[in-house]
Amino acid sequence: MVSNALDYAVDLRLIDKNPLPDVNWTAMPKGKRKVDKRAVPNPIQTRSILAVVRVTPRSGERFHAYFGSMYFCGLRPEEATALNKRHLDLPEPERNPSAGELEFGWGELHLDMAEPYIDARWTNGGTAHDPRHLKSRGAGEGRTVPCPPEQTQLFHEHIQRFGYGDDGRVFVGEQGDSISKVTYGKLWRTARAVALTPEAQASPLAARPYDLRQAYVSTLLAAGVDPAVVAEWAGHSLAVLMEIYATWLYGAEVTARQLVQKALGH
């Protein structure tokens with residue numbers, strides 16, 4: 001009996017010192033995945049926060065395109081963290097001969113991996129991030145996301161200013177290492193406090209960077225984009241998209257009916 005107890009204690013110490021070899025995605029319980037509409041910023045609120053992020057001393061400019069990729073491309077934070085040069089398919093800007101300004105076009109992001117934040121004790125490399133396959137995708141299965149001109153410009157400006165990491169990583173910390181969740185979380189809270197009114201700050205509005213992704217999906221649905229297309233771009237199944245963003249589907253349905261009515265000639 002004593003021997004078994006000692007063996008059990010030793011096993012616990014080994015588990016604590018040696019992280020498990022893999023950490024699987026966990027599914028959120030059904031019925032708890034619906035988005036709180038109060039947390040989702042509209043385009044004006046989002047751009048206000050991003051504008052403050054850009055001018056925040058020290059780290060703001062470094063994270064401007066990072067946050068932008070969540071809003072304009074719908075990336076999860078772990079997908080933006082893992083973004084690499086090989087994932088980018090961006091057109092070169094062209095100068096408008098009459099206005100003399102650079103114009104940016106649509107690009108694409110070919111995602112194939114994510115680096116979720118995990119306690120360093122539980123990662124294979126002993127770091128706070130560990131490479132994983134995309135959420136809701138099998139190993140080696142990727143997805144392509146369109147990159148609108150506004151984010152294409154942010155990428156070009158970011159790369160021109162900071163370059164790539166040694167491994168081709170798009171977003172790196174000041175020392176060339178992986179970006180810190182603590183750093184960008186603090187930056188987000190600072191920018192939110194400056195950009196939003198006291199009343200809005202006291203609400204759930206844009207409380208987390210992840211709310212940028214939710215704003216992306218809800219905006220597409222409200223604009224009448226086919227939910228199946230939105231689900232593909234966001235990396236959801238259609239059933240999960242319907243469950244999480246059900247409160248936006250009515251507005252999308254109204255827009256779709258208006259489009260049909262117009263096509264029918266009424």
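Please read these numbers as outputs of a predicted model, since none were measured by experiment.
- The two residues Ile179 and Val172 come nearest to each other via the heavy atoms CG2-C, 3.6 Å.
- Of all heavy-atom pairs spanning Cys73 and Pro148, the tightest one is SG-CD, 4.1 Å.
- Considering only heavy atoms from C-beta on, Thr81 comes within 4.5 Å of Tyr66 through its side chain.
- When atom types are taken as modelled, the side chain of Gln201 and the backbone of Leu196 share a donor-acceptor pair closer than 3.5 angstrom.
- Using modelled atom types, one side-chain atom of Arg213 and one backbone atom of Ala234 make a donor-acceptor pair closer than 3.5 Å.
- The distance from the CZ atom of Arg208 to the CE atom of Met70 is 11.0 Å, given to the nearest 0.5 Å.
- The ring of Phe171 has its center closer than 6.0 angstrom to the ring center of His158.
- A distance of 9.5 Å separates CG of Leu241 from CG of Leu220, quoted to the nearest 0.5 Å.
- The minimum heavy-atom distance linking Leu187 with Ser59 is given by the pair CD2-O, 3.9 Å.
- Using a distance-only test at 3.5 Å, with no hydrogens or angles considered, a donor-acceptor pair links the side chain of Gln45 to the main chain of Asn42.
- Glu78 places none of its side-chain heavy atoms less than 4.5 Å from the side chain of Met113.
- Between the Asn96 side chain and the Ala99 main chain, a donor and an acceptor come within less than 3.5 Å of each other.
- A 4.5 Å side-chain heavy-atom check between Asp89 and Thr144 finds every atom pair outside the cut-off.
- Across all non-hydrogen atoms, the minimal contact from Ser218 to Val40 is OG-CG1, 3.4 Å.
- You'll find the side chain of Leu90 reaches within 4.5 Å of the side chain of Cys147, heavy atoms only.
- Pairs of residues two or more places apart, or lying in two chains, that qualify as ring pair (Phe, Tyr, Trp, His ring centres under 6.0 Å) and include a residue from residues 72-106 are Phe104-His156.
- Taking a 6.0 Å sphere around NZ of Lys186, one finds it holds 12 or fewer heavy atoms contributed by other residues, nucleotides or ligands.
- The hydrophobic cluster containing Val194, built from Ile/Leu/Val/Met/Phe/Trp/Tyr side-chain heavy atoms closer than 4.5 Å, also comprises Val52.
- One finds the CG atom of Leu75 at 6.0 Å from the CG atom of Leu109 (value rounded to the nearest 0.5 Å).
- For the pair Gln151/Ser69, a side-chain contact is recorded, criterion being any heavy-atom separation below 4.5 Å from C-beta on.
- Connection of Val225 to Val240 is established within a shared hydrophobic cluster, with ILVMFWY side chains joined at heavy-atom distances below 4.5 Å, either directly or through further cluster members.
- Evaluation of the ring pair (Phe, Tyr, Trp, His ring centres under 6.0 Å) test over residues 186-221, restricted to residues two or more places apart or in two chains, returns Phe67-Trp188.
- Counting only heavy atoms from C-beta outward, the side chains of Phe63 and Thr56 never approach each other to under 4.5 Å.
- Residues Phe155 and Leu102 do not share a hydrophobic cluster, defined by chaining ILVMFWY side chains whose heavy atoms lie under 4.5 Å apart.
- Between the side chain of Asp36 and the backbone N or O of Pro204 there is no donor-acceptor pair closer than 3.5 Å.
- In this structure, the side chain of Arg192 engages the main chain of Leu205 through a donor-acceptor pair within 3.5 Å.
- Ion pairing between a basic and an acidic side chain is recognised when a charged N comes within 4.0 Å of a carboxylate O; Glu61 and Arg161 show such pairing.
- When all heavy atoms are compared, the tightest approach of Val170 to Asn84 is CG2-C, 3.8 Å.
- In this structure, Lys34 contributes its side chain and Tyr245 its backbone to no donor-acceptor pair below 3.5 Å.
- Within the model, atoms CD of Glu243 and OG of Ser237 stand 8.5 Å from one another, a figure rounded to the nearest 0.5 Å.
- Although no hydrogens or angles enter the test, the distance criterion places a donor-acceptor pair under 3.5 Å between the side chain of Thr152 and the main chain of Gly105.
- With a 4.5 Å cut-off on side-chain heavy atoms, Leu111 and Leu83 count as touching.
- Salt bridge present: Arg143 and Glu79 bring a charged side-chain N and a carboxylate O closer than 4.0 Å.
- Side-chain N or O atoms of Arg76 include none that pairs as donor or acceptor with a backbone N or O of Ala114 at under 3.5 Å.
- When hydrophobic clusters are built by joining Ile, Leu, Val, Met, Phe, Trp and Tyr residues whose side-chain heavy atoms come closer than 4.5 Å, directly or via intermediates, Ile244 is grouped together with Met242.
- The two residues His64 and Leu154 come nearest to each other via the heavy atoms CE1-CD2, 3.5 Å.
- A 4.5 Å side-chain heavy-atom check between Tyr71 and Pro43 finds at least one atom pair inside the cut-off.
- Taking 4.0 Å as the cut-off between side-chain N and carboxylate O, Arg54 and Glu157 count as a salt-bridged pair.
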Salt bridge (Lys or Arg N to Asp or Glu O under 4.0 Å) between Arg58 and Glu174, worked out: CA-CA 9 Å; Arg58 186 166 178 173; Glu174 291 183 354; 2.9 Å; yes
